[in-house]
Amino acid sequence: MPRYNRSFDLSIADVDMIEEALRARGRELSRMRLALSEENPAHLESIRVIEQDQRENEELLGRLHDQKIFYRPQAAVYVGG
């Protein structure tokens with residue numbers, strides 16, 4: 001039985017491209033959601049599906065962010081911002 005590949009070899013550019021695609025998808029979902037009216041009963045199911053897709057998209061972006069290791073210089077005083 002085949003197993004899942006749990007080891008991925010992605011470059012920083014690859015991860016950046018994935019994140020940008022997820023952000024573009026989030027913008028697209030937001031536009032779709034804004035085009036629908038909650039007052040129209042025919043739109044309610046579509047709104048529910050779009051909002052679920054938005055939630056999954058944001059959760060995936062969050063998991064990618066949580067796996068990053070951000071550089072912080074050790075020798076000098078770090079000034080963020």
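Sequence positions, counted from 1, serve as the residue numbers for this chain. Keep in mind that the numbers below use all heavy atoms, side chains included, and drop hydrogens, waters and symmetry copies.
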(message) With a sphere of 6.0 Å drawn around CG of N5, does it hold more than 12 non-hydrogen atoms of other residues, nucleotides or ligands?
(response) yes
(request) Decide if atom CD1 of I12 counts as having more than 12 heavy atoms of other residues, nucleotides or ligands within a radius under 6.0 Å. (result) no
Hydrophobic clustering (ILVMFWY, side-chain heavy atoms < 4.5 Å, transitive) - are [Y] and [X] grouped together?
| X | Y | answer |
| --- | --- | --- |
| L29 | L36 | yes |
| L60 | F8 | yes |
| M32 | V49 | no |

Distance, nearest 0.5 Å, that separates [atom1] of [X] from [atom2] of [Y]:
| X | Y | atom1 | atom2 | answer |
| --- | --- | --- | --- | --- |
| M17 | S11 | CE | OG | 8.0 Å |
| Q52 | N57 | CD | CG | 11.5 Å |
| L10 | L64 | CG | CG | 9.5 Å |
| R27 | R23 | CZ | CZ | 8.5 Å |

(request) For residues D14 and D9, report the shortest heavy-atom separation together with the two atoms involved. (result) OD2-O, 4.5 Å
(request) Using a strict cut-off of less than 4.0 Å between a Lys/Arg side-chain nitrogen and an Asp/Glu carboxylate oxygen, indicate whether R48 and E45 qualify as a salt bridge. (result) yes
(message) Please determine whether salt bridge (Lys or Arg N to Asp or Glu O under 4.0 Å) holds for the pair R25 and E58, giving the CA-CA distance in whole Å, both sets of side-chain angles, and the decisive distance to 0.1 Å.
(response) CA-CA 10 Å; R25 176 68 176 148; E58 289 299 315; over 6 Å; no
(request) Verify whether one side chain among S37 and N40 offers a donor that lies under 3.5 Å from an acceptor in the other. (result) no
(message) So, applying side chain to side chain donor-acceptor pair (under 3.5 Å) with R33, which one of H43, E38, Q54 is it?
(response) E38
